[in-house]
Chemist: 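Please read through the structure below; I'll follow up with questions.
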Protein chains: 2
Amino acid sequence: MKLKEFAKHLDLSPTTVSRALSGYPEVRESTRKRVADAAIRLGYRPNINAVRLVTGRVGAIGILMERGREVNFAEFLSGMGERLDGEDIDILVSPIAEHDAKEEMQLFSRLVESRRVDAFIVNAPRPNDERIALLHKLGMPFLVHGRSETDVPYAWLDIDNEGAVKRATAYLLDLGHTRIAMINGRPGVTFSLHRDKGYRDALVERGLQFDPRLVAHGSFTDEIGFRFARSFLEQSPRPTALVAGSMMTALGVYSAARSLGLVVGKDISVIAHDDVFPYLNADNMAPSLSTTRSSMRAAGKRSAELVLQLLSGKPATEIQELWPVELILRESTGPVSRGEGR
Amino acid sequence: MKLKEFAKHLDLSPTTVSRALSGYPEVRESTRKRVADAAIRLGYRPNINAVRLVTGRVGAIGILMERGREVNFAEFLSGMGERLDGEDIDILVSPIAEHDAKEEMQLFSRLVESRRVDAFIVNAPRPNDERIALLHKLGMPFLVHGRSETDVPYAWLDIDNEGAVKRATAYLLDLGHTRIAMINGRPGVTFSLHRDKGYRDALVERGLQFDPRLVAHGSFTDEIGFRFARSFLEQSPRPTALVAGSMMTALGVYSAARSLGLVVGKDISVIAHDDVFPYLNADNMAPSLSTTRSSMRAAGKRSAELVLQLLSGKPATEIQELWPVELILRESTGPVSRGEGR
DNA sequence: TGCAATTTTGAAAACGATTTAATTTAAACT
DNA sequence: AGTTTAAATTAAATCGTTTTCAAAATTGCA
């Protein structure tokens with residue numbers, strides 16, 4: 001059923017009907033009601049493509065899903081959905097395979113230039129992220145989940161990765177640990193750099209020297225956690241504490257410790273970052289896992305909100321949020337055991 | 001830059017330009033080349049909304065992301081992306097909160113009727129799924145990931161859940177286990193029913209009786225795994241083997257066993273279903289986990305392909321694929337230990 | 001009641017492409 | 001060369017809305 005036809009049914013002009021449905025003020029309340037009722041009764045819905053053509057809006061927010069970051073991504077997306085529920089805005093996901101950087105940028109460029117979305121969310125940015133430069137150049141509104149280091153002004157939402165890791169490390173130091181290893185995220189992305197900094201700063205503040213042999217980088221998988229944890233734990237002197245980048249990493253760390261006959265919480269203290277997945281709970285691990293915690297889902301929800309603000313005209317420079325991170329202590333952390341450590 | 005303007009630059013009519021760009025055969029090769037070159041040089045791209053209005057195609061496949069199924073979902077999505085990379089088709093994700101069934105159906109209905117997508121993928125169907133009936137009624141092409149039980153003909157791709165669980169259970173029986181528990185997926189969805197059937201059939205074939213106290217249903221989280229495993233393992237006589245619905249469930253099961261001082265692979269054999277996540281590997285668990293395995297990502301990739309076939313006119317009834325599931329034995333399964341079992 | 005001011009409604013022009021049907025140009029035959 | 005056939009191009013209609021600007025209906029007030 002088309003607008004014209006529908007309008008004829010009501011003995012009104014398409015103009016009035018259109019206005020009635022989009023809630024313009026210059027249509028009498030009684031007719032608006034009449035139109036609205038008829039719309040449900042006759043099942044009339046404006047053709048979305050026609051609307052989009054004439055309004056110039058697409059009604060969608062774009063987001064890239066990079067291979068290897070799917071776990072966190074799903075939670076984030078879910079949060080976005082929470083906010084967008086009811087708004088007439090879709091989420092357009094572009095899964096992106098592992099290409100080389102140039103190819104990836106081309107793909108991204110095509111995506112943005114095709115104007116299939118009204119705004120973009122960039123995640124896992126790098127310090128000087130080309131994507132940000134491009135979006136800025138093309139005038140496409142965008143929000144960065146995380147931070148970059150760039151001259152262009154941009155809207156962002158990030159968690160305090162630096163502070164979180166600094167606090168976790170400092171806590172371990174307080175417990176008497178001096179050889180503390182860290183399995184961080186992928187090298188090169190800003191949040192990994194921030195975590196590196198937090199870790200180093202904590203050490204330096206206590207007058208300890210940074211030992212590069214105690215830090216590793218990789219994606220958030222149990223595999224990475226297992227491999228690096230093993231290699232750390234086979235060092236001598238053995239580190240007595242370990243900071244892990246994610247829950248998955250921590251699973252690998254637990255396995256590694258177990259495979260070496262070490263008891264987590266006694267022989268080796270572990271703190272991991274927890275993005276609060278509904279399907280994996282730090283409390284249920286054995287032993288329960290001490291974590292720095294910040295909800296990915298909440299970040300997704302808020303990001304959607306911020307994008308909406310951006311779309312309704314709020315300047316990007318006024319959108320900058322840094323979220324604090326909780327430190328939650330459970331059984332996986334304890335004082336350095338006698339004979340270990342220094 | 002608009003088509004008209006762009007055409008003027010080339011001293012051609014909009015018609016010819018449009019045809020040249022969309023690769024119609026009735027335009028001379030030399031002019032097509034000229035147009036194509038100019039398009040990149042001048043950065044012309046057809047307005048996506050105009051194209052959509054006139055062609056009636058949206059260029060998107062819709063998929064629902066239900067709260068609580070995010071893990072599997074992300075992998076599936078990623079697989080879809082693999083296939084859709086290069087096609088001019090987007091994935092439109094509608095995260096859906098936990099509403100009551102009626103509200104959820106309304107939402108779904110709105111989504112489908114707004115015609116924002118060319119086709120739909122329905123996941124985690126129920127035996128008589130309203131969504132399938134609706135899509136059929138509205139004439140919207142769709143693919144079901146999983147199966148339903150309904151009169152309407154539909155295209156589907158599913159893995160052999162029944163066979164997988166039957167085989168896993170039979171294997172445990174072969175090892176001498178007689179009290180085998182199962183933590184299945186959410187109640188009511190078809191795949192859980194299929195798994196239930198596989199489990200029962202395996203028991204019945206060996207002349208064993210089905211004991212409802214050994215079967216539980218719930219979503220795929222470590223929490224559910226932990227809770228049900230504990231309650232099973234506290235029964236007396238204690239089950240000596242357990243079939244788990246997912247890797248996350250298995251994590252909970254491992255924790256539960258450990259918390260009771262039981263050794264997985266000796267005191268309790270465990271087989272779980274593995275959807276092949278890049279971030280969680282059955283080999284890295286301690287002990288390594290025996291699994292029934294089928295790649296979610298591969299299913300997503302194939303699903304995208306099947307949807308494309310559907311869109312290009314292949315009848316839904318000709319699209320029906322049942323994928324076999326591998327059984328991979330690792331350390332978490334072993335013969336029933338002396339004194340246990342019967 | 002009559003006139004101005006204010007609401008409501010409508011006609012027609014966008015929006016920017018694709019596609020049908022018609023026209024021009026080029027190639028292929030006698 | 002003259003006609004027929006095929007290839008390449010174009011003018012104009014179309015997709016289904018929103019929105020501008022103008023007209024009609026209603027209200028308020030003297």
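This one's a predicted model, so the numbers in the text were calculated from it and none came from an experiment.
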Chemist: Anything under 30° is parallel, anything over 60° is perpendicular, the rest tilted; go ahead and classify A:Y154 against A:W156.
Modeler: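 The rings of A:Y154 and A:W156 sit tilted, inter-plane angle from 30° to 60°.
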Chemist: For the CD atom on B:E130, are there more than 12 heavy atoms of other groups (residues, nucleotides or ligands in this structure) within a distance under 6.0 Å?
Modeler: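 12 or below, so no.
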Chemist: Has A:K314 got more than 12 heavy atoms of other residues, nucleotides or ligands less than 6.0 Å from its NZ?
Modeler: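 Yes, enclosed.
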Chemist: Grab the CG-C1' distance between A:L10 and C:dG10 for me, whole Å please.
Modeler: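 Those two atoms, CG and C1', are 15 Å apart.
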Chemist: Just wondering, are more than 12 heavy atoms of other shown residues or ligands nearer than 6.0 Å to CD in A:E305?
Modeler: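 Atom CD in A:E305 is crowded, with more than 12 foreign heavy atoms closer than 6.0 Å.
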Chemist: Without decimals, in angstroms, what is the distance between A:R32 CZ and C:dT9 C1'?
Modeler: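 Answer to the nearest Å: 14 Å.
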Chemist: Just how far, in rounded Å, is P of C:dC15 from CD of B:E5?
Modeler: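 These atoms are roughly 12 Å apart.
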Chemist: Can you name the atoms? Protein N/O to nucleotides 17-20 of chain C N/O, anything below 3.5 Å, with the distance.
Modeler:
unit_1: C:dA17; atom_1: OP1; unit_2: B:Y44; atom_2: OH; d: 3.1
unit_1: C:dA17; atom_1: OP1; unit_2: B:N47; atom_2: N; d: 2.7
unit_1: C:dA17; atom_1: OP2; unit_2: B:L3; atom_2: N; d: 2.5
unit_1: C:dA17; atom_1: O5'; unit_2: B:Y44; atom_2: OH; d: 3.4
unit_1: C:dT18; atom_1: OP2; unit_2: B:S18; atom_2: OG; d: 2.3
unit_1: C:dT19; atom_1: OP2; unit_2: B:Y24; atom_2: OH; d: 2.5
unit_1: C:dT19; atom_1: O4; unit_2: B:T15; atom_2: OG1; d: 3.2

Chemist: Whether A:R52 contacts D:dT17 is assessed here as follows: a side-chain N or O lying under 4.0 Å from the phosphate OP1 or OP2. Is that the case?
Modeler: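 Result: no.
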Chemist: Can you tell me the distance, in whole Å, between the NZ atom of B:K33 and the P atom of D:dA8?
Modeler: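 The distance from NZ of B:K33 to P of D:dA8 comes to 17 Å, rounded to the nearest Å.
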Chemist: Between B:L53 and B:L12, just flag the one whose closest nucleotide in DNA chain D comes earlier from the 5' side.
Modeler: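 Closer to the 5' end of DNA chain D: B:L12.
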Chemist: Pick out which of A:L143, A:L111, A:L134, A:V307 makes a side-chain contact (heavy atoms from CB on, under 4.5 Å) with A:F120.
Modeler: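 Single side-chain contact (heavy atoms from CB on, under 4.5 Å) partner of A:F120 among A:L143, A:L111, A:L134, A:V307: A:L111.
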Chemist: Would you call B:E29 and B:R32 a salt bridge, taking side-chain N to carboxylate O under 4.0 Å as the test?
Modeler: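 Judged by the 4.0 Å cut-off on N to carboxylate O distance, B:E29 and B:R32 do form a salt bridge.
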Chemist: Between atom CZ in A:R57 and atom P in D:dT18, what is the gap in whole Å?
Modeler: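 Whole-Å distance recorded here is 14 Å.
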Chemist: Tell me: CZ of A:R28 to P of D:dA24, nearest whole Å?
Modeler: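 So the two atoms are 17 Å apart, to the nearest Å.
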